[in-house]
Amino acid sequence: MKVDELPVDERIKKIIRDRGIEGLYPPQAEALKSGVLEGKNLVLAIPTASGKTLVSEIIMVNKLLKEGGKAVYLVPLKALAEEKYREFREWESLGVRVAVTTGDYDSTDEWLGKYDIIVATAEKFDSLLRHSPRWIKEVKLVVADEVHLIGSYDRGATLEMILSHMLGRAQILALSATIGNAEELAEWLDAELIVSDWRPVELRKGVFHLGTLFWEDGKIDRYPENWESLAVDAVKRGKQALVFVSTRQSAEKEAVSLSSKISRLLTKPELRELEQLISQIEDNPTTEKLKMALKGGVAFHHAGLGRAERTLIEDAFREGIIKVITATPTLSAGLNLPAFRVIIRDTKRYTDFGWTDIPVLEIQQMMGRAGRPKYDKVGEAIIVARTEDPKGLLGKYIQGKPEKLFSMLANEQAFRGQVLALITNFGVSNFRELIGFLERTFYAHQRKDTASLEYKAKDIVYFLIENEFIDIDLENNFIPLPLGKRTSQLYIDPLTAKKFKDAFPALEKNPNPFGIFQLIASTPDMATLNASRREMEDYLDLAYELEGNLYISIPDYEDPRFQGFLGQVKTAKVLLDWINEVPEVRIYETYNIDPGDLYRILELADWLMYSLVELYRLFEPKEDVLNYLSSLHLRLRHGVREELLELVTLPNIGRKRARALYNAGFRTREDIMRAKVKDLLEVEGIGIKIVEGLFKHLGVEMPGEAKEAEKKDGRKKGGTLDEFLK
DNA sequence: TATCGGCACCTTTAGACAGCATGTC
DNA sequence: CTAAAGGTGCCGATA
């Protein structure tokens, strides 16, 4: 189908043609002819990179131009939200205003009212629904990207609830990977269904076993026995490869190993570019290995890397500077990062239940990464059989069908929060109405019988009443209580809120960081570290040493919570180090964690600490305790001791610069306002740009001497910070 | 007696969403 | 519930 023939606004066609697109892919054309443009719901199950985004763009913009209102685009990852936001902004030339909102970004509900397309993570939109801003009723279209995540154990329920809420209130466009029961999903959504495996780049799939590569069409290629030759071969042919493995350690090891083989194939300019790349990376134990691998044009990619490193690697791979990435599943569902050849080294994964086969759906998504649309005629996806039977892998993952999707609404933790929200935020005022709502869900559609779900809902309602989240009157009507409302808005698990509430009496008597951090770490919303076998004794000792500061009693060795408790102690200790200004690198070394792990822990602890303070407010707070908690929250956010809290509010001043300033004698805002530029520049980490920012913020005129100082800037600074850290 | 190599046993294991008020090193 | 790689520590052999 030609773009010109599209039954949409002329301005849309022009923008598409300006992108260099003249014709639509068959599945795109089919989708647009399905009736979506007339307002019908649609489930579109087609491979990644076959143009789902363009279809949704056309549908969104056409609807907005025709009817006004708003479109919401839901994604599963924050990084994906940013990516889509950048893409959609192209439509701003038509007067369509685009916004992103995730936990990282702006959240003032009414602020979003000014925008037409809102890109959001599912959880963020769920949270927005709970706050019910006025503009919600203007939402006329919801696009759910990666809708198959409805079947994800921990996050599926959220998506399912959003769609249950919006079904009938807005048009729904559900974008899915190929799944086993797309019809079922479409029936539920009262939607047209389009399934296709058409791809813009041909995909060849095969299994590699001991040097033999069995293609699905029966052809056979021979390689050296080690699977690494597949990656080396791709680079030899001037292409790139993506290698999926199951553990971080493997990713790092294989990256370094491949690097030595691939560096020989690189040209001088390529090596120089890599050197340049390496010089941009900050030093820590994790990046040391990364740098080693990068010397040969290879990188590993996993959640232990910091954000800066991740984006650096992704960008350099897109530009072709990096030839091979070895990755854990971080990359399997995330960003758009295709490569000529995808090599799947592992098809098993470690979970809470031990080692399990990775679902067909996920392996197929990894394989779908093969082939760069503008550069390759074909893409190759190869599964490596090491100990497995190659025929079995071929049958299961290449010729086999992906799994069916199952509703995960009944997942206890997710359901608990959703039931609470229905009562406190969505006006469900008795059990009958609750059941009424549940009957609209995918769970009900799929299972027909909602008896077990009702049973669970009843248990949760009792739990909520017993713990004063809600009340129930004589006519069995639900009455939301402040604890329930706040818990739902804070978006924390009711169980987390209960733990906080139960701890308040003890906390009031002895507010202290260790006890509070252990409490936070014991919460189901927190990702805790695990104490390794050899660390166990250390953390047990620490727990006994600080026993008086804990708000719980230390579990017995035989207690099933024992192992978890030690992990909580370890997590609490990391947080303790953080607020005592222990340098990051030392934290990585001491606790054997990666930068990404620390970032994650801090992000969660910050959110939960805020929630703790907010909930404490509801229970006749004592002034001094409240102040203590607020101050501890700030220390946690900035990673500083109490005395730096004032400095750290200044722009561009974090824990390091604040400490350097403080030790150099600049202890308050006034100190800085009175300071000479020359003296400030003496402080480690403070350059002319920072001083300008500080003075601007404080409303101080920049004296003329500053220009002169700028020339001198760059020489060695006094080592105040190092001195402190000794 | 110090050092090395082999071998059996032990240990460990992916990822990432949410609040709020504005700017890290 | 369904594994496999890397690390650790012991043992004995060797110089």
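Within every chain, numbering begins at 1; the chains are lettered A, B, ... in the order of the sequence lines, protein sequences first and strands thereafter.
- Ring geometry, A/Tyr115 versus A/Trp111: the interplanar angle falls from 30° to 60°, so the pair is classed tilted.
- Counting only heavy atoms from C-beta on, A/Tyr350 has its side chain closest to B/dT13 among C/dT8, B/dT13, B/dA18.
- If you check every strand for non-hydrogen atoms under 4.0 Å, A/Ile492 touches nothing.
- Listed candidates were B/dC20, B/dA16, B/dA18. Nearest to the side chain of A/Arg310 is B/dA16.
- Taking the charged nitrogens against the carboxylate oxygens, A/Lys291 and A/Glu282 have no contact shorter than 4.0 Å, which rules out a salt bridge.
- In this structure, A/Tyr610 and A/His633 have tilted ring planes: the angle between them lies in the 30° to 60° band.
- Using a 4.0 Å heavy-atom distance criterion, A/Gln249 is classed as a sugar-phosphate-only contact.
- Distances were taken from every side-chain heavy atom of A/Arg600 (C-beta onward) to each of B/dG15, B/dA14, B/dA18; the shortest belongs to B/dA18.
- Listed nucleotides: B/dA16, B/dA14, B/dG19. Nearest to the side chain of A/Leu77: B/dA16.
- Listed nucleotides: B/dT12, B/dG19, C/dA5. Nearest to the side chain of A/His633: B/dG19.
- Projected onto DNA chain B by closest heavy-atom contact, A/Ala79 and A/His131 fall at different nucleotides, the more 5' of which corresponds to A/Ala79.
- A/Thr158 comes within 4.0 angstrom of nothing in the nucleic acid, heavy atoms only.
- Among the atoms of the strands shown, base atoms are found under 4.0 Å from some heavy atom of A/Arg155.
- Comparing C/dA5 with B/dA14, their P atoms are spaced 15 Å from each other, to the whole Å.
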